[in-house]
Amino acid sequence: MKARIIFPVRSGEREVMLTKLVSLLYDYSGYGRSTGKPSEQNTYADIEAAYRCLEETYGVKEEDVILYGQSVGSGPTLDLASRLSRLRAVVLHSPILSGLRVMYPVKRTYWFDIYKNVDKIPLVECPVLVIHGTADDVVDCSHGKQLFELSKQKYEPLWVKNGNHCDLEVFPEYIKHLKKFISAIEKSTVFRNGSALCTDQIDKPRSSTDCRPRPSTDQREKARQSADKREPRTSTDRRDKSRSSVDRKEKKSKSLDLSEKANNNMEQPEKSRNSIDRFGDMMRSAVLCNIDCFKPVGAKV
């Protein structure tokens, strides 16, 4: 049985049709004829609905499905692929490591990031083909190269020389390499389940060293006890009283300072949280709408 390929309408559908595969095309929410609004969670629901349509309506098996994701579309593609252990293959066309990494060269994943492909691709069990242009001025080619390195079942990638973000389909090597990949996948009859590494082995906690006796502290305690047995000097009593009064004043002033600092610290998380929320909105709008080949229908270019 021929493999079925699932991809968004705008991801080089004409060229993929030349591979003579049974193809299912779909639009993201808010794009083309689809209703709703474009968002990360909606795109996950969109590709899930497309896959369920093949499975439930047409009786297509998981191992006969190839997922194709371009640019932002690599996000929902890898999200679904990370949850399907017997998927036939995945094609990543100009993919992103994550939404935040498109704009900033961050080295870690933050909770407010979107499309965290860098964390999901190690969970994909099927062969992965990565295609990226070396002159991509929207998503740097390093995104594709790092995703290739992180994939479990690597297939020979295609780095299109002088290829930009939305023109890879015009290069002859694009369709040639894609056909080669799909032909190899269709001929392959062995599907690896990709059993995950055993996580039952938990490091044993280190034995605590707090129970060991500390002789140095014992000697200090004895010295303190011997000092306590000594009779207090009457000449130092008055000094002690004056010191205690001064100490009380200092404690009051310190408590006031601490209360003021606590109030200031309470205000700072709110400010940072608001700034993060504003940044998240900005990032979502930039990643979803500012890439030319993924603008909603009717949007001004």
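We number each residue from 1, following the sequence as shown. None of the values given here were measured: they were computed from a predicted structure. Side-chain atoms are counted along with the backbone in the values below, which use heavy atoms only and exclude waters and symmetry mates.
- With a 4.5 Å cut-off on side-chain heavy atoms, Y155 and K180 count as touching.
- Put simply, I131 and I185 are part of the same group of oily side chains (I, L, V, M, F, W, Y) that touch within less than 4.5 Å, one to the next.
- Looking at heavy atoms from C-beta onward, Y28 lies in side-chain contact with P76 at the 4.5 angstrom threshold.
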- request: Quick one: do D64 and R88 satisfy side chain to side chain contact (heavy atoms under 4.5 Å, CB included)? Show the steps, please.
  value: CA-CA 6 Å; D64 294 325; R88 178 70 71 94; 3.0 Å; yes
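- A salt bridge links R52 with E55; the closest basic N to acidic carboxylate O contact falls under 4.0 Å.
- Counting heavy atoms from C-beta on, the side chains of Y115 and S98 never come closer than 4.5 Å.
- With sequence neighbours left out, A81 forms a side chain to side chain contact (heavy atoms under 4.5 Å, CB included) with L67, L87, V90, V124.
- Taking the side chain as every heavy atom from C-beta outward, K161 and F171 never approach each other to under 4.5 Å.
- Checking side-chain atoms of S29 against main-chain N and O of P38 turns up no donor-acceptor pair under 3.5 Å.
- Pairs of residues two or more places apart, or lying in two chains, that qualify as salt bridge (charged side-chain N to carboxylate O under 4.0 Å, His left out) and include a residue from residues 66-85 are E48-R83, D79-R83, D79-K120.
- Of the possible polar contacts, one joining the N164 side chain to the D137 backbone as a donor-acceptor pair under 3.5 Å is found.
- Contact between F181 and A89 at its shortest, heavy atoms only, is CZ-CB, 3.6 Å.
- Of all heavy-atom pairs spanning P95 and V130, the tightest one is CG-CG1, 4.2 Å.
- Between the T134 side chain and the N162 main chain, a donor and an acceptor come within less than 3.5 Å of each other.
- In this structure, P122 and K152 approach most closely via the heavy-atom pair O-CE, 2.9 Å.
- Expressed to the nearest 0.5 Å, how far CD of E169 lies from NE2 of H93 amounts to 4.5 Å.
- In terms of modelled atom types and a separation under 3.5 Å, the side chain of T77 and the main chain of G73 share a donor-acceptor contact.
- Atom CG of L24 is separated from atom OH of Y68 by 15.0 Å, given to the nearest 0.5 angstrom.
- For the atom pair OG of S34 and CG of D46, the computed distance is 6.5 Å after rounding to the nearest 0.5 Å.
- For the side-chain hydrogen bond (donor to acceptor under 3.5 Å, both in side chains) test, residues two or more places apart in sequence or in another chain that qualify with D119 are T109.
- For the atom pair CG (L129) and CG (L158), the distance works out to 7.5 Å, reported to the nearest 0.5 Å.
- Closest of all the heavy-atom pairs between S94 and L168 is OG-CD1, 3.4 Å.
- K116 contributes atom NZ, which lies 14.5 Å from atom CG of L78 (distance to the nearest 0.5 angstrom).
- Here the side chain of H177 pairs a donor or acceptor atom with the backbone of E156 at under 3.5 angstrom.
- Grouping the Ile, Leu, Val, Met, Phe, Trp and Tyr side chains by contacts below 4.5 angstrom, directly or via other members, places I175 with I182.
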Got a list of side-chain donor-acceptor pairs under 3.5 Å for residues 140-151, not counting sequence neighbours?
unit_1	atom_1	unit_2	atom_2	d
D140	OD2	S142	N	2.9
D140	OD2	S142	OG	2.7
H143	ND1	L97	N	2.9
H143	NE2	R101	O	3.4
S151	OG	F148	O	2.7

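- Of the inter-residue distances, the one linking W159 atom CH2 with E173 atom CD reads 13.5 Å to the nearest 0.5 angstrom.
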- request: Output, in order, the C-alpha distance, side-chain angles, deciding distance and verdict of side chain to side chain contact (heavy atoms under 4.5 Å, CB included) for S71 and V138.
  value: CA-CA 9 Å; S71 188; V138 177; 5.6 Å; no
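- Screening residues 66-76 for salt bridge (charged side-chain N to carboxylate O under 4.0 Å, His left out) gives no qualifying pairs among residues at least two apart or on separate chains.
- With sequence neighbours left out, K154 forms a salt bridge (charged side-chain N to carboxylate O under 4.0 Å, His left out) with no residue at all.
- Relative ring orientation between F112 and Y110 is described as parallel, the plane-to-plane angle staying below 30° on a 0-90° scale split at 30° and 60°.
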